[in-house]
Every structure is written in C-alpha cells, then in structure tokens.
Amino acid sequence: SGLLFSLGDIICQKAYEQSDFNYKRNAFLTITGTFYLAPMLHLWYCKGLPFIVQRLNVTAPRKIVLVKLLLDQTLFASVVLCGFYITFNLLAEQSLQAGITAIRSKFVETMLANWVIWPPAMAVNFSLVPTQYQVLFSNFVGLFWNIVLSYIANRKTDSGVTQQAPKPDKQ
C-alpha cells in the first residue's frame, strides 16, 4: 500500500500539478499508506468485514456483496478517510486541528470521489474476482484512487484552506 500510495502521488504531482516535486509530501503519503492505511485495510478485509457479515448471518451471494459494499462504503470509508486526513496532517508537522479542518473542508468531496471509484470496483471484486486475486485487483484500482486522493488532499479549497505537506526541498 505504501509503495502504491507513493506511486499515486508521483503520478499526481507529475501529471496534474504545476510545481516542483514535493519529496516531503511524497514521503508523508508513503508513510501514511504503509503504517496507517495498509494495516487498516488488512484488518477490515481479512477480519472486520467477514466477521460482521457472518454475525449478520447473510448467506445469499448477492446479499453478501450488497452488505459488504454498504458497510465498506459507509462505515469503513468514512473512518479511514477521517484517519487519513488526521494522520497525514500530523506527519506533515502541522497539527490535529489542521487534520480536523481538512476533514471539514474536504470530506464530502473525498467521499463523493470515493463513491465514483470504489463501489463499482468492489462490486466486481466481491462478485467476479477469484478470492486469491482480490487484493491484486484492489491494489490496481487503489493506484488510481491514490492519484485522486493525493490531488484532493493537497489542493486548496474554496475557503483557501490548504491541507498539504511542507514546501518541497530543493534537491
């Protein structure tokens, strides 16, 4: 996850932004992907989601897919995105308050972008992709999501609030 997050940010910075490459930002996103997102994703998809689906006693394949999608795209996505903004801001030597401000100013936009990409991808993943290839499929889609998330997280909002890593080092 960390390397895919780094690659997503590299693509974002090179393809969509008109400034010098920000190595610190990339490092902070890589760390966030490695030490926050990867463990959260692993716990959710390997432990949490299967446990909840089993407890709900859902057995019909289509209902399982629907329940997984609903839980994934409401409960889990909300928690993970809030945690992302907090973690990234703390790493970027800003503050908890900067993370809360980023959530307030970017959460809705980020969730809407999330819902464009992830529900169709996860519907395919949960229903058509063999179990042994689901992580690979998710990682492939995740690369594109990481580009979008990097762009949103590091862009000024209409109110002028910026949530981004410190200025790039000149190297």
Using the side-chain contact (heavy atoms from CB on, under 4.5 Å) criterion, which residues pair with [X]? Sequence neighbours excluded.
| X | value |
| --- | --- |
| Val141 | Ile117, Trp118, Ala121, Phe137 |
| Ala27 | none |
| Gln97 | Ser95, Ile100, Thr101, Arg104 |
| Pro119 | Gln73, Trp115 |

**Q.** Closest non-hydrogen atom pair, Ala113 against Ile152
**A.**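 Smallest interatomic distance, heavy atoms only, reads CB-CD1, 3.9 Å.
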Q | Exercise: identify the closest heavy-atom pair between Ala98 and Asn89 | A |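 For Ala98 and Asn89, the tightest heavy-atom pair comes out as CB-OD1, 3.4 Å.
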Going by heavy atoms in the side chains, are [X] and [Y] under 4.5 Å from each other?
| X | Y | result |
| --- | --- | --- |
| Phe28 | Asn22 | no |
| Met111 | Lys106 | no |
| Thr32 | Phe5 | no |
| Leu71 | Phe76 | no |
| Leu149 | Asn114 | no |

Q) Thr110: what forms a side chain to side chain donor-acceptor pair (under 3.5 Å) with it, not counting sequence neighbours? A)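 Once residues adjacent in sequence are excluded, the partners of Thr110 under the side chain to side chain donor-acceptor pair (under 3.5 Å) criterion are Tyr85.
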Q: For residues 3-18, pull every pair meeting salt bridge (Lys or Arg N to Asp or Glu O under 4.0 Å), keeping only residues two or more places apart or in separate chains.
A: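 Non-adjacent pairs meeting salt bridge (Lys or Arg N to Asp or Glu O under 4.0 Å): Asp9-Arg25, Glu17-Arg25.
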Q.
Is it the case that the side chain of Ser6 and the backbone of Gly2 share a donor-acceptor pair, with hydrogens and angles ignored and the cut-off at 3.5 Å?
A.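 No: the side chain of Ser6 does not pair with the backbone of Gly2.
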Indicate every side-chain donor-acceptor pair of residues 40-68 with a distance under 3.5 Å to a residue at least two apart or in another chain.
from, atom 1, to, atom 2, distance (Å)
Trp44, NE1, Asp72, OD1, 2.9
Tyr45, OH, Asp72, OD1, 2.6
Tyr45, OH, Asp72, OD2, 3.1

Q. To which residues is Val135 joined in a hydrophobic cluster, defined by side-chain heavy-atom contacts under 4.5 Å among Ile, Leu, Val, Met, Phe, Trp and Tyr, whether direct or through other members?
A.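 Hydrophobic cluster check, Val135: no partners found.
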(Q) Apply the hydrophobic cluster definition, ILVMFWY joined by side-chain contacts under 4.5 Å directly or through others, and give me every member besides Leu3. (A)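 Its cluster partners, ordered by chain and number, are none at all.
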Q. Would you call the rings of Phe140 and Phe144 parallel, tilted or perpendicular if under 30° counts as parallel and over 60° as perpendicular?
A.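 Perpendicular.
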Q. By ring-ring contact (aromatic ring centres under 6.0 Å, His included), which residues pair with Phe107, not counting sequence neighbours?
A.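 Expected list: none.
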Q) Under the ring-ring contact (aromatic ring centres under 6.0 Å, His included) test, which residues partner Tyr16, sequence neighbours left out? A)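 Not a single residue meets the ring-ring contact (aromatic ring centres under 6.0 Å, His included) criterion with Tyr16.
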With rounding to the nearest 0.5 angstrom, report the [atom1] to [atom2] distance, [X] to [Y].
| X | Y | atom1 | atom2 | value |
| --- | --- | --- | --- | --- |
| Ser127 | Leu69 | OG | CG | 8.0 Å |
| Phe35 | Leu91 | CZ | CG | 10.0 Å |
| Ile147 | Gln13 | CD1 | CD | 12.0 Å |
| Leu4 | Thr30 | CG | OG1 | 10.0 Å |
| Leu29 | Thr34 | CG | OG1 | 10.5 Å |
| Ile103 | Cys82 | CD1 | SG | 4.0 Å |

(Q) With side chain to side chain contact (heavy atoms under 4.5 Å, CB included) as the criterion, how do Gln134 and Met122 come out once you've worked through the C-alpha distance, each side chain's angles and the decisive distance to 0.1 Å? (A) CA-CA 9 Å; Gln134 287 182 356; Met122 294 311 278; over 6 Å; no
Q) Could you give all pairs that pass the side chain to side chain donor-acceptor pair (under 3.5 Å) test and reach residues 137-149, with sequence neighbours left out? A)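 Counting only pairs at least two positions apart or across chains, the side chain to side chain donor-acceptor pair (under 3.5 Å) contacts touching residues 137-149 are Asn125-Ser138.
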